[in-house]
*Asks:* 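Take a look at this one; I'll ask things after.
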Number of protein chains: 2
Amino acid sequence: MAFSERIARLKSSLIREILAAAQRPEVMSFAGGLPAEPMLPKVEWADMPASMGQYGMSEGEPALREAIAAEARALGVPCEASQVLIVSGSQQTLDLASKLFIDPGTEVLLEAPTYLAALQAFQLFGADCVTVPLGAEGPDVAALRQRLERHKPAFAYLIPTFQNPSGVRYSEARRDEVAALLDEFGVTLIEDEPYRELVFDAGSATPLVSRLKKASWIYTGTVSKTLLPGLRVGFLIATPDLFPHLLRLKQSADLHTNRIGQWQALQWFGTEAYRGHLAELRDFYRIRRDAMQAQLEEHFADLAEWNVPQGGLFFWLTLKRPVDTRGLLDKALQQNVAFMPGEPFFTDPDANPGHLRLNFSHVAPERLGEGLRHLAAVIREAQAAAQPA
Amino acid sequence: MAFSERIARLKSSLIREILAAAQRPEVMSFAGGLPAEPMLPKVEWADMPASMGQYGMSEGEPALREAIAAEARALGVPCEASQVLIVSGSQQTLDLASKLFIDPGTEVLLEAPTYLAALQAFQLFGADCVTVPLGAEGPDVAALRQRLERHKPAFAYLIPTFQNPSGVRYSEARRDEVAALLDEFGVTLIEDEPYRELVFDAGSATPLVSRLKKASWIYTGTVSKTLLPGLRVGFLIATPDLFPHLLRLKQSADLHTNRIGQWQALQWFGTEAYRGHLAELRDFYRIRRDAMQAQLEEHFADLAEWNVPQGGLFFWLTLKRPVDTRGLLDKALQQNVAFMPGEPFFTDPDANPGHLRLNFSHVAPERLGEGLRHLAAVIREAQAAAQPA
């Protein structure tokens with residue numbers, strides 16, 4: 001069988017495999033980014049018009065595009081509804097952007113670490129990934145300038161707000177510096193913001209795209225983390241030079257996004273009920289974040305270092321004595337614990353051992369301790385085995 | 001702005017543009033393949049479990065995959081639920097198959113004419129399209145053998161049942177001959193069957209894939225023509241050598257298909273209610289097909305030739321005196337009539353002038369005559385203008 005050359009680069013989605021392995025009810029999963037089941041809002045369908053069953057527009061439902069543009073403008077993003085494209089979740093934006101920009105060998109600029117499903121999508125299309133290290137305030141600015149001087153990336157893919165996997169939120173100053181550099185070098189920005197609304201402190205910083213003066217951009221969001229992932233409704237907002245191409249690529253990919261999900265999303269966007277739901281979500285996840293922090297202090301204080309995330313869904317642990325955490329997965333699953341190894345979030349996994357991404361939204365606080373105790377034991381065992389004799 | 005090289009091949013979806021132009025309520029549209037609004041079934045959502053809001057499996061809902069496999073087996077397609085992948089409509093199958101097989105310059109084999117959105121998807125990825133002419137019984141078998149002797153297509157994309165745009169249904173004998181040739185040359189078959197259930201006579205022929213003995217295959221179907229296109233739920237069934245790659249490509253494209261649409265589709269598949277709905281659909285569309293045939297006889301008998309379609313949604317007209325029908329579109333729209341020019345259904349549009357695809361499912365019978373009279377007048381005017389002075 002002769003497949004395309006890209007199939008040689010097609011990786012399995014490790015996270016989806018772990019999720020499948022974690023289906024057993026006895027498994028406690030820290031692996032995915034799943035919303036907590038009790039926080040899935042009750043939704044009503046009785047008022048949905050029958051016309052939502054008919055084919056729709058590739059761009060998406062006009063009223064939903066308007067609502068999304070209005071919310072984005074309130075965040076400082078200069079845009080009109082005509083720049084909004086409804087997609088089947090943010091993953092589709094990554095697919096469309098890959099098609100728009102990436103030939104084999106095309107350079108793209110990413111944070112290190114970065115979202116592994118983005119990395120896989122870009123690599124599937126043959127991207128040559130240039131990375132800039134991420135610190136607690138955002139990307140290393142000197143390193144970013146150096147990369148931009150030496151490379152010509154087709155775009156920079158950045159997750160400035162509660163980055164996946166690191167949990168980093170770029171500071172105000174760093175946001176301005178990064179935006180200025182992208183403008184200076186004329187590099188298109190893809191800004192991925194699934195976690196903006198899941199914030200646990202009073203901090204809020206406007207998106208990078210609102211700070212750009214010249215560079216083209218795609219801003220991408222989703223209702224998967226704040227409403228219902230099963231709807232498969234996300235959106236992108238793009239500058240007018242990019243939008244028509246993205247629209248045609250969307251037509252070629254699936255004609256349009258499902259209208260029933262779009263209708264449901266529209267019932268929430270911009271409403272008091274949605275604001276109330278988001279406030280409840282924040283309170284609920286803050287409690288789970290705090291519970292995880294307490295249990296990590298108990299079981300991981302001697303094993304790892306981490307920052308307490310101020311939003312999002314994940315803790316990012318750095319082992320004091322690195323081992324390849326991919327090798328821990330089977331043993332953890334034998335103990336009925338699933339987690340996400342850190343290596344696949346790097347373009348060079350082998351050179352970056354010793355991180356774990358732990359989701360705190362999914363497991364009930366009263367069960368946490370047991371799972372983390374088992375996980376810590378698996379790590380200690382591996383470290384002992386790696387010890388020189 | 002440096003885009004990928006494929007963007008130079010990215011065409012606008014003509015049909016989506018015509019649909020947009022036909023949004024004006026005064027426009028009578030023969031252009032799309034839209035189900036008739038009165039035949040969209042009333043659906044209930046009250047019993048949907050809240051868990052459908054959560055992330056789901058990339059493969060699709062297990063019960064839906066089982067139901068689809070059972071229906072396919074009843075058609076003679078040898079398959080298990082593990083070979084079924086739920087997708088966001090058949091268009092996504094074309095995207096996934098393009099990614100699986102097509103590099104720039106990869107040969108693929110198509111009918112002439114063929115479904116234009118398939119053609120555009122394959123060409124976007126750089127396919128070199130080899131075509132075989134379609135007659136009333138199916139592809140010309142001698143031509144097909146010759147193509148297979150001279151070329152090495154990565155796959156053959158065929159629509160054997162009420163082909164879009166031609167309405168051709170391959171005969172029993174031709175199905176066997178085509179399947180035998182694909183087996184002989186070891187060419188993978190992609191069989192697209194959106195219209196199987198929309199049949200107006202007693203004729204029924206099992207899918208080509210059920211007749212293959214060796215070749216790999218992908219069989220693709222959808223609920224868009226029989227239930228609700230707005231759900232965006234379709235499926236593919238693939239041989240085990242292809243399935244794992246298609247699954248990973250699906251993960252990379254959008255993680256999984258929306259679960260609410262899948263749940264709704266499952267409420268219908270294999271039920272008495274669905275069989276009843278399909279019977280009503282057939283009766284309704286048969287009446288509209290007959291009404292269109294009567295009005296075509298009145299307004300087009302001297303202008304064009306056509307076969308009466310025994311299923312599907314379209315008449316395919318061949319003008320006795322060919323003109324490029326793309327040039328008629330603006331004039332027709334000025335007369336508030338939309339239709340689909342035939343040229344874009346060919347890999348070489350300029351060499352194939354003088355066909356029109358007319359949908360008969362959408363326009364109410366009592367309005368038909370007026371629209372077809374206007375359309376015939378536009379054609380006569382263009383033919384007169386093309387007349388040598």
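Quick note on labels: first sequence line is chain A, next is B, and so on, each numbered from 1.
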*Asks:* Identify which of Leu228(B), Asp254(B), Leu100(B) forms the greatest number of heavy-atom pairs closer than 4.5 Å to chain A.
*Replies:*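 Answer, by heavy-atom pair count under 4.5 Å with chain A: Leu100(B).
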
*Asks:* Side chain, backbone, both or neither: which part of Thr93(B) has a heavy atom under 4.5 Å from chain A?
*Replies:*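 Contact with chain A involves no heavy atom of Thr93(B) at all.
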
*Asks:* Output the option from Pro35(A), Ser51(A), Gly32(A) having the highest count of non-hydrogen pairs under 4.5 Å with chain B.
*Replies:*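 Answer, by heavy-atom pair count under 4.5 Å with chain B: Pro35(A).
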
*Asks:* I need the residue from Ala118(A), Ala253(A), Ser216(A), Ala2(A) with the largest number of non-hydrogen atom pairs under 4.5 Å to chain B.
*Replies:*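 Among Ala118(A), Ala253(A), Ser216(A), Ala2(A), the one with the most close pairs to chain B is Ala253(A).
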
*Asks:* Are the side chain of Arg232(B) and the backbone of Ser88(A) linked by a donor-acceptor contact shorter than 3.5 Å?
*Replies:*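 Absent.
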
*Asks:* Please confirm whether the backbone N or O of Gly230(A) pairs with a side-chain atom of Gln54(B), one donor and one acceptor, at under 3.5 Å?
*Replies:*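 Side chain of Gln54(B) to backbone of Gly230(A), a donor-acceptor pair under 3.5 Å: no, none is there.
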
*Asks:* Pick from His256(B), Met48(B), Lys152(B): which one has the most heavy-atom pairs with chain A under 4.5 Å?
*Replies:*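 Ranked by contacts with chain A, first place is His256(B).
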
*Asks:* Which region of Thr106(A), side chain (C-beta onward) or backbone (N, CA, C, O), has a non-hydrogen atom less than 4.5 Å from a non-hydrogen atom of chain B, or is it both or neither?
*Replies:*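 It is neither, since no heavy atom gets under 4.5 Å.
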
*Asks:* Using the side-chain contact (heavy atoms from CB on, under 4.5 Å) rule, take Arg6(B) and Phe125(A) through it: C-alpha gap first, then chi angles, then the decisive distance, then the call.
*Replies:* CA-CA 11 Å; Arg6(B) 76 180 65 78; Phe125(A) 282 84; 3.5 Å; yes

*Asks:* Pick whichever of Arg259(A), Gln262(A), Gln251(A) has the most heavy-atom pairs under 4.5 Å with chain B.
*Replies:*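 Answer, by heavy-atom pair count under 4.5 Å with chain B: Gln251(A).
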
*Asks:* Nearest heavy-atom pair of Gly33(A) and Tyr55(B): which atoms, and what distance?
*Replies:*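 Closest heavy-atom pair between Gly33(A) and Tyr55(B): O-CE1, 4.0 Å.
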
*Asks:* Determine whether Ile260(A) and Asn258(B) make a side-chain contact, defined as any pair of heavy atoms from C-beta on separated by less than 4.5 Å.
*Replies:*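 Touching, per the 4.5 Å side-chain cut-off.
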
*Asks:* At a heavy-atom separation under 4.5 Å, does Ser90(A) approach chain B through its side chain, its backbone, both, or neither?
*Replies:*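 Neither the backbone nor the side chain of Ser90(A) comes within 4.5 Å of chain B.
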
*Asks:* Highest number of heavy-atom pairs under 4.5 Å with chain B: which of Met52(A), Glu44(A), Glu5(A)?
*Replies:*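 With the most close heavy-atom pairs to chain B, the winner is Glu5(A).
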
*Asks:* Which atoms of Ala121(B) are under 4.5 Å from chain A, going by heavy atoms: the side chain, the backbone, both sets, or neither?
*Replies:*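 Both parts, backbone and side chain.
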
*Asks:* So, applying side chain to side chain contact (heavy atoms under 4.5 Å, CB included) with Lys99(B), which one of Asp95(A), Leu10(A), Ile7(A) is it?
*Replies:*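 Checked Asp95(A), Leu10(A), Ile7(A) against Lys99(B); only one passes side chain to side chain contact (heavy atoms under 4.5 Å, CB included): Asp95(A).
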
*Asks:* Taking the side chain as everything from C-beta on, heavy atoms only, tell me whether Leu249(B) gets closer than 4.5 Å to Leu124(A).
*Replies:*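 Contact flag for Leu249(B)/Leu124(A) side chains = yes.
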
*Asks:* Checking Ser4(A) against Ile102(B) for the side-chain contact (heavy atoms from CB on, under 4.5 Å) test, could you report, in this order, the C-alpha distance in whole Å, the side-chain angles of both residues, the deciding distance, and whether it holds?
*Replies:* CA-CA 5 Å; Ser4(A) 70; Ile102(B) 304 175; 5.7 Å; no

*Asks:* Between Lys42(A), Gln264(A), Lys11(A), His245(A), which shows the greatest number of heavy-atom pairs under 4.5 Å with chain B?
*Replies:*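 The residue among Lys42(A), Gln264(A), Lys11(A), His245(A) with the greatest pair count is His245(A).
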
*Asks:* Under 4.5 Å heavy-atom distance to chain A, tell me which part of Thr257(B) shows up: side chain, backbone, both or neither.
*Replies:*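 Answer is backbone: N, CA, C or O of Thr257(B) sit under 4.5 Å from chain A.
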
*Asks:* Sort out for me which of Gly261(A), Gly89(A), Ser58(A) touches chain B most, counting heavy-atom pairs under 4.5 Å.
*Replies:*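 Ranked by contacts with chain B, first place is Ser58(A).
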
*Asks:* Looking only at non-hydrogen atoms, find the nearest pair between Asp241(B) and Phe3(A) and report the distance.
*Replies:*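 That closest heavy-atom pairing would be O-CZ, 4.1 Å.
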
